[in-house]
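Report on the structure given below.
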Amino acid sequence: LRARYPQVPAVQANLAALPLRTSSVDAVVSLQVIEHLWDLPGFLSDCRRVLRPQGELIVTTPQRVTFSPGLGRGEKPINPFHVEEFDAEQVDAALRDAGFVDVEMRGIHHGARISAWEAENGPIVAAQIAAAVSDTWPLPLSDFVASVDARDFEVDASPLAPHDPHLAQAQDLLAIARAGV
């Protein structure tokens with residue numbers, strides 16, 4: 001972030017207590033984090049605290065329904081690095097419970113290049129988990145993962161209802177929520 005956007009102040013911190021003043025920031029961006037947190041309500045509450053009125057929280061997280069098919073709500077994820085995995089309805093409810101308004105849910109889908117890799121090799125997430133757990137990254141997997149960028153994903157152009165079937169097919173979820181007044 002600092003290298004690419006030097007004009008944007010960045011803070012690295014413990015997510016249990018954000019080191020920011022109340023109502024001091026316009027946006028909080030949390031990418032692929034909430035599935036690792038033991039206290040999601042506490043984190044979301046603190047995000048709400050530091051946002052200015054009408055500030056935005058942007059959250060992405062793996063979609064439980066596609067990331068861990070068959071895994072029920074609250075069950076221990078297959079990925080040993082995740083505390084919990086969520087579906088769109090859970091993310092939407094967690095944000096609203098924390099006092100956020102105007103919650104928008106969108107899906108992040110694998111684009112053609114990732115889909116082609118998966119057709120030949122199987123689910124990329126499963127391959128990455130196996131590599132991380134065994135600490136053995138096959139060179140083709142390592143090279144492919146290193147080459148992935150934003151062009152390899154498709155984001156739903158408009159917000160979807162949390163129970164929308166198209167959203168349930170997304171690999172990841174994107175939520176945008178505003179702090180109330």
Side-chain angles (χ1 to χ4, degrees), residues 1 5 8-111 123 125 129 150 152-181:
L1 176 69
Y5 304 102
V8 176
V11 176
Q12 183 176 357
N14 183 333
L15 298 181
L18 298 175
L20 300 167
R21 291 184 326 274
T22 298
S23 299
S24 63
V25 297
D26 295 319
V28 174
V29 179
S30 171
L31 305 177
Q32 305 300 91
V33 171
I34 65 171
E35 65 276 7
H36 299 277
L37 301 178
W38 291 101
D39 182 14
L40 178 57
F43 170 69
L44 294 177
S45 176
D46 212 31
C47 289
R48 173 72 186 84
R49 177 188 66 78
V50 302
L51 283 168
R52 291 185 177 111
Q54 299 301 310
E56 289 189 333
L57 172 63
I58 300 167
V59 174
T60 65
T61 188
Q63 158 90 282
R64 177 183 45 81
V65 177
T66 55
F67 196 81
S68 297
L71 183 71
R73 287 182 176 177
E75 291 182 353
K76 178 68 179 135
I78 297 165
N79 184 330
F81 305 105
H82 292 178
V83 173
E84 185 173 0
E85 292 171 0
F86 307 97
D87 59 44
E89 291 177 8
Q90 288 174 287
V91 173
D92 181 80
L95 291 167
R96 291 179 191 282
D97 289 349
F100 288 93
V101 298
D102 301 328
V103 177
E104 296 180 4
M105 297 298 305
R106 298 174 192 231
I108 302 172
H109 306 267
H110 287 171
V125 170
I129 292 170
D152 292 311
F153 298 93
E154 297 170 3
V155 178
D156 291 325
S158 354
L160 299 168
H163 57 276
D164 187 292
H166 181 71
L167 191 56
Q169 296 173 3
Q171 279 71 33
D172 296 283
L173 300 169
L174 166 66
I176 304 167
R178 272 178 272 309
V181 184

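Residue numbers start at 1 and run along the sequence shown.
- Looking only at atom types and distance, the side chain of Glu85 has a donor-acceptor partner in the side chain of Ser68 under 3.5 Å away.
- The minimum heavy-atom distance between Pro162 and Ala88, with the atom names listed, is O-CB, 3.3 Å.
- The aromatic rings of His36 and His82 sit perpendicular to each other, their planes meeting at more than 60°, with 30° as the lower class boundary.
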Stepwise side-chain contact (heavy atoms from CB on, under 4.5 Å) test for Met105 and Leu174: CA-CA 6 Å; Met105 297 298 305; Leu174 166 66; over 6 Å; no
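- Ionic pairing of Glu104 and Arg106 is present here: one or more N-O contacts between side-chain nitrogen and carboxylate oxygen are shorter than 4.0 angstrom.
- Of all the heavy atoms in Ala179 and Phe100, the pair that sits closest is N-CD2, 3.9 Å.
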Between Leu37 and Leu15, is a side-chain contact (heavy atoms from CB on, under 4.5 Å) present by the stated rule, with each step listed? CA-CA 9 Å; Leu37 301 178; Leu15 298 181; 4.0 Å; yes
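- Between Pro41 and Asp39, some side-chain heavy-atom pair lies under the 4.5 Å cut-off.
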Might you work through the side-chain contact (heavy atoms from CB on, under 4.5 Å) test for Gln54 and Arg52, ending with a clear yes or no? CA-CA 6 Å; Gln54 299 301 310; Arg52 291 185 177 111; over 6 Å; no
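- Glu35 approaches Thr61 most closely through the heavy-atom pair OE1-OG1, 2.7 Å.
- Taken to the nearest 0.5 Å, the OG atom of Ser30 stands 7.0 Å off from the CG atom of Leu57.
- Counting only distance, with no hydrogens or angles, the side chain of Arg96 and the backbone of Val91 share no donor-acceptor pair below 3.5 Å.
- Rounded to the nearest 0.5 angstrom, His163 NE2 and Asp92 CG are separated by 10.5 Å.
- Between the side chain of Ser24 and the main chain of Arg21, a donor-acceptor pair closer than 3.5 Å is present.
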Could you walk me through whether Thr60 and Gln32 satisfy the side chain to side chain donor-acceptor pair (under 3.5 Å) test, starting with their C-alpha distance in whole Å, then the side-chain angles of each, then the deciding distance to 0.1 Å, before giving a yes or no? CA-CA 5 Å; Thr60 65; Gln32 305 300 91; 2.8 Å; yes
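- You'll find the side chain of Leu20 stays beyond 4.5 Å of the side chain of Val28, heavy atoms only.
- With contacts defined as side-chain heavy-atom distances shorter than 4.5 Å, the pair Gln169/Gln63 does not qualify.
- What you find for Leu18 and Asp46 is that their closest heavy atoms are N-OD2, 2.6 Å.
- Closest approach of Ile34 to Phe86, counting heavy atoms only: O-CE1, 3.8 Å.
- Between Ile176 and Glu56, some side-chain heavy-atom pair lies under the 4.5 Å cut-off.
- Here Thr66 contributes atom OG1 and Gln171 contributes atom CD; the two are 5.0 Å apart, rounded to the nearest 0.5 Å.
- Residues Arg64 and Glu89 are not paired through a salt bridge, judged by the lack of any N-O separation under 4.0 Å between the basic side chain and the carboxylate.
- Leu51 is listed as a side-chain neighbour of Val25, based on a closest heavy-atom distance under 4.5 Å.
- Leu44 and Ala94 make their closest contact through CD1-O, 3.6 Å (heavy atoms, listed as atom of the first residue, atom of the second, distance).
- In this structure, Asp172 contributes its side chain and Ile108 its backbone to no donor-acceptor pair below 3.5 Å.
- A donor-acceptor pair under 3.5 Å links the side-chain atoms of Asn14 to the main chain of Ala16, judged by distance alone.
- Between Ile129 and Phe67, the closest side-chain pair of non-hydrogen atoms falls below 4.5 Å.
- Between the side chain of Arg48 and the backbone N or O of Arg178, no donor-acceptor pair lies under 3.5 Å.
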Could you walk me through whether Asp152 and His110 pass side-chain contact (heavy atoms from CB on, under 4.5 Å), step by step? CA-CA 6 Å; Asp152 292 311; His110 287 171; over 6 Å; no
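- Between the side chain of Gln90 and the backbone N or O of Asp87, at least one donor-acceptor pair lies under 3.5 Å.
- With hydrogens and angles disregarded, a donor-acceptor distance shorter than 3.5 Å links the side chain of Asp156 to the backbone of Gly107.
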